[in-house]
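Read the structure below first, then the notes.
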Amino acid sequence: MQAIILAAGMGKRLKELTRNNTKCMVKVNGVTLIDRMLHQIDKHSLSRIVIVVGYEGQKLIDYIGTLDIKTPIVYVENSIYDKTNNIYSLALAKDYLTKEDTLLFESDIIFEDSVLEELLSDPRDTLALVDKYEPWMDGTCVKLAQDDSIAQFVPGKQFDYSETDEYYKTVNIYKFSREFSQSHYVPFLDAYQKALGENEYYEQVLRVITMLDAPAIRGKRLTGQRWYEIDDIQDLDIAESLFAEDDERINLIHSRYGGFWRYPKLLDFCYLVNPYYPPKKLKDELKASFDVLLTEYPSGMKVNSLLAAKNFGVHQENILVGNGAAELIKSLMNHLSGVTGFIRPTFEEYPNRYAVDSSVYFVPDNKDYSYTADDLIDFFDDKSIDNLVVVNPDNPSGNYITKKGILRLVEWAAAKGIKLLIDESFVDFADEEDNSLIDQKILDANSHLFVMKSISKSYGVPGLRLGVLASGDTETVALMKKDVAIWNINSFAEYYMQIEEKYKKDYAAGLVRYRQERKRFVDRLSTVKGLRVIPSQANFVMVELDSKMSPRELLKVMLVKHNILIKELTGKTNGGNYLRFAIRDEKDNDKLVDALIEELS
């Protein structure tokens, strides 16, 4: 068996990175794509490697000569690389195709060793390597029949987003038998070029071949192995985090603060979700208005405050909408002055937005980081604070103060002249119902009270970036409305607020399902050896590990071995080996627990 690598292209979308180098000379974590690929191929003792070069071809040849590759390398030159596409490059190597079985590679692919091993170990002699379509993928897709024969090639122009559940993306790595190349591929390649020219793609030839009655090529489905196609600088950025060394990979992925849908098969237990809302009908309603929402401007703050007021049953002057709660947190913390009390650990966005020398911290003196309203009152009663921030349920502990306790805290703060901020982003998940402080009577009676709520977290729409702040202090609310941009939310978020009220019963039903799943999930987690589960009323749970494995070690093995991302709390707690798990749906939660049992038992 031999390998053919197509490396003639210019890689224009990588801009200055390919100004003086061919695409496969781009480095991922300090190693060029061609260096990595050649050494991966070299391990399998093939008869030769045929490389079709073009743009900066001699520079590539000279570089490869320094790599100590044991497999013989043959070069084929595409001198008109700037006028042709890969169908011409492959045609230049067609004589090699007919000599023996071939592994065919595009040179802009990075993949782990197991990808190549999967292809080589499969006894079928002619295969197109494919992976289940995901939103980050671009290029040719296929549909597969039950016997893995390719039922349809779907080029970009025929891509139908309503059928993506049926699509597999071609990885651009193939295995061709000599017989397939002789009887099918090369004859069709010659005919296709004569008919349509040299500025086409070799996948088009495969598309024609799949129309024959007898399937000559089948799809080889990957099952979670890592690979990435690098076409632009964003692809390069993601590939570097995917293929970095374990510790660096963890750091790079966490530093993205989301966007994890770009990572193949990554299961995110780090960011917080509501898997039981919104319902399909609400999403369909959003989709039905997609064209208008995409091409029209959203309303300004006045209208969006009215929508929020309608949804939460308060007056327009008492509420404002943010581009996520984070925008409102930043604005409100800038409007506070004096000394502010915080609880630790908590959602760090609050203390990070305030001066350390003007902050006072309450740290619970127990391993569960639990506390009551009375604990807070006792601690802060003799402190000279002007403001107090309480996240309820708290993050990451999941500690919950009942509505009765919170109202007692509101009353105490009023008597002390303290501005009180209650973040109830997770309060809807608590077992106690009707526990929100976003109530006109409560706001009217307590002008010192500010209530923050993240719509993203509670309602399962983080991509919309929505949050609200309600207060009886209409003067500060008005100032904050001037502080944020007039178009601070987009049309999709505005329309969501417009229609959300129709789905309140669905939301309530989703919360019931969520509480049931939280109990089941916690019960399962409690059976995992070496793991202590801390009671939670939120959409996450904090756990403590025994000393056999550190949180960082567990985080690493869960990501590298199981492709599951979890959150360690080292540095956020006062000692102890703590982690936080988001609570997802039953299927995902069981994957997490099964992986934990495997690693900790």
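What you are looking at is a predicted structure, and each value in this text was computed from that prediction instead of being measured. What you see below is based on every heavy atom in this structure, not just the backbone, and it leaves out hydrogens, waters and symmetry mates.
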- request: Give a yes or no on whether the ring-centroid distance for Y88 and Y81 is below 6.0 angstrom.
  value: no
query: Taking atom types as modelled and ignoring hydrogens, do the side chains of N563 and R226 form a donor-acceptor contact shorter than 3.5 angstrom?
result: no
task: Quick one: do D231 and K23 satisfy side-chain contact (heavy atoms from CB on, under 4.5 Å)? Show the steps, please.
output: CA-CA 9 Å; D231 286 323; K23 197 175 184 182; 2.8 Å; yes
message: Side chains of E106 and N86 only: does a donor on one sit below 3.5 Å from an acceptor on the other?
response: yes
query: Can you check whether S162's main-chain N or O pairs, donor with acceptor, with D160's side chain at less than 3.5 Å?
result: yes
field: Contact summary for I238 and R262, nearest pair of heavy atoms
entry: CD1-CD, 3.3 Å
- line: When rounded to the nearest 0.5 Å, the distance separating CE of M558 from NZ of K591 is 12.0 Å
field: Check against side-chain contact (heavy atoms from CB on, under 4.5 Å), Q152 and E166
entry: CA-CA 11 Å; Q152 180 184 349; E166 303 175 50; over 6 Å; no
- request: Using modelled atom types only, decide if a donor and an acceptor are shared between the side chain of T32 and the backbone of D35 within a distance under 3.5 Å.
  value: yes
R249 (side chain) donor-acceptor with F243 (main chain) under 3.5 angstrom: no
task: Go through the side-chain N and O atoms of D113 and Q40 and say whether any donor and acceptor fall under 3.5 Å apart.
output: yes
message: side-chain contact (heavy atoms from CB on, under 4.5 Å) for L569 and M542? Distances and angles first, verdict last.
response: CA-CA 9 Å; L569 301 175; M542 187 164 78; 3.4 Å; yes
task: Specify the closest pair of heavy atoms between M137 and K132, including all atoms of both residues, with the distance to one decimal.
output: CE-O, 3.2 Å
- prompt: So, are E285 and K281 salt-bridged, with charged N and O less than 4.0 Å apart?
  reply: no
query: With no hydrogens and no angle check, is any side-chain donor or acceptor of K572 less than 3.5 Å from a backbone partner on Y578?
result: no
field: I49 and L38, any side-chain heavy atoms less than 4.5 Å apart
entry: yes
- prompt: Does the distance from a Lys or Arg side-chain N to an Asp or Glu carboxylate O, for D125 and R178, drop under 4.0 Å?
  reply: no
message: I'd like to know if the side chain of Q182 reaches the main chain of T98, judged simply by a donor and an acceptor atom lying under 3.5 Å from each other, with no hydrogens or angles considered.
response: yes
task: Could you tell me how the ring of Y167 sits relative to the ring of Y133: parallel (under 30°), tilted (30 to 60°) or perpendicular (over 60°)?
output: perpendicular
- prompt: I217 versus Y185: any side-chain heavy-atom pair under 4.5 Å?
  reply: no
- prompt: Just how far is it from atom CD1 of I564 to atom CD of E599, taken to the nearest 0.5 Å?
  reply: 9.5 Å
- prompt: Between L252 and A244, what is the shortest heavy-atom contact and its length?
  reply: CD1-CB, 4.0 Å
query: Taking NZ, NE, NH1 and NH2 as the nitrogens, is one of them in D122 or K175 under 4.0 Å from a carboxylate oxygen of the other?
result: no
- prompt: Does the side chain of L592 reach to within under 4.5 Å of the side chain of N589, using non-hydrogen atoms?
  reply: no
field: Side chain proximity check, V560 to I250, heavy atoms < 4.5 angstrom
entry: no
field: Exercise: identify the closest heavy-atom pair between C270 and H254
entry: SG-CE1, 3.7 Å
- request: Please identify each residue that fulfils ring pair (Phe, Tyr, Trp, His ring centres under 6.0 Å) with Y263, with sequence neighbours left out.
  value: none
query: Are a donor atom and an acceptor atom from the side chains of E179 and S181 found within less than 3.5 Å of each other?
result: no
- prompt: Looking at D235 and R13, does any basic side-chain N land under 4.0 Å from a carboxylate oxygen?
  reply: no
query: Looking only at heavy atoms, what is the nearest atom pair of L267 and R584, with distance?
result: CD1-NE, 3.7 Å
- request: Provide the closest heavy-atom pair for A239 versus N29 in the form atom of the first, atom of the second, distance.
  value: O-ND2, 4.5 Å
message: Under a 3.5 Å threshold, yes or no: a donor from one side chain and an acceptor from the other, between T18 and Y55?
response: no
Cation-pi, F290 ring and K287 (6.0 angstrom, 45 degrees): no
- prompt: Charged N to carboxylate O below 4.0 Å: is that the case for E100 and R48?
  reply: yes
task: Classify the ring geometry between Y459 and Y496 as parallel (under 30°), tilted (30 to 60°) or perpendicular (over 60°).
output: perpendicular
Test: R218 and D147 ion pair at under 4.0 Å: yes
query: With a 4.0 Å cut-off, would you call K265 and E134 a salt bridge?
result: yes
query: Would you find a donor on one side and an acceptor on the other, under 3.5 Å apart, between the side chain of D101 and the backbone of M1?
result: no
- prompt: Atom CD of E16 and atom CD1 of I233: how far apart are they, to the nearest 0.5 Å?
  reply: 7.0 Å
query: With respect to Y168, which candidate in R221, K143, K220 satisfies the side chain to side chain donor-acceptor pair (under 3.5 Å) definition?
result: R221
field: Worked verdict on L559 versus I253 for side-chain contact (heavy atoms from CB on, under 4.5 Å)
entry: CA-CA 10 Å; L559 179 61; I253 290 177; 4.1 Å; yes
message: Strictly distance-based, threshold 3.5 Å: is any side-chain N or O of E248 a donor or acceptor partner for the main-chain N or O of E245?
response: no
task: Please report the C-alpha distance between F540 and F269 in whole Å, then the side-chain angles of each, then the deciding distance to 0.1 Å, and finally whether the ring pair (Phe, Tyr, Trp, His ring centres under 6.0 Å) criterion is met.
output: CA-CA 9 Å; F540 52 84; F269 276 87; over 10 Å; no
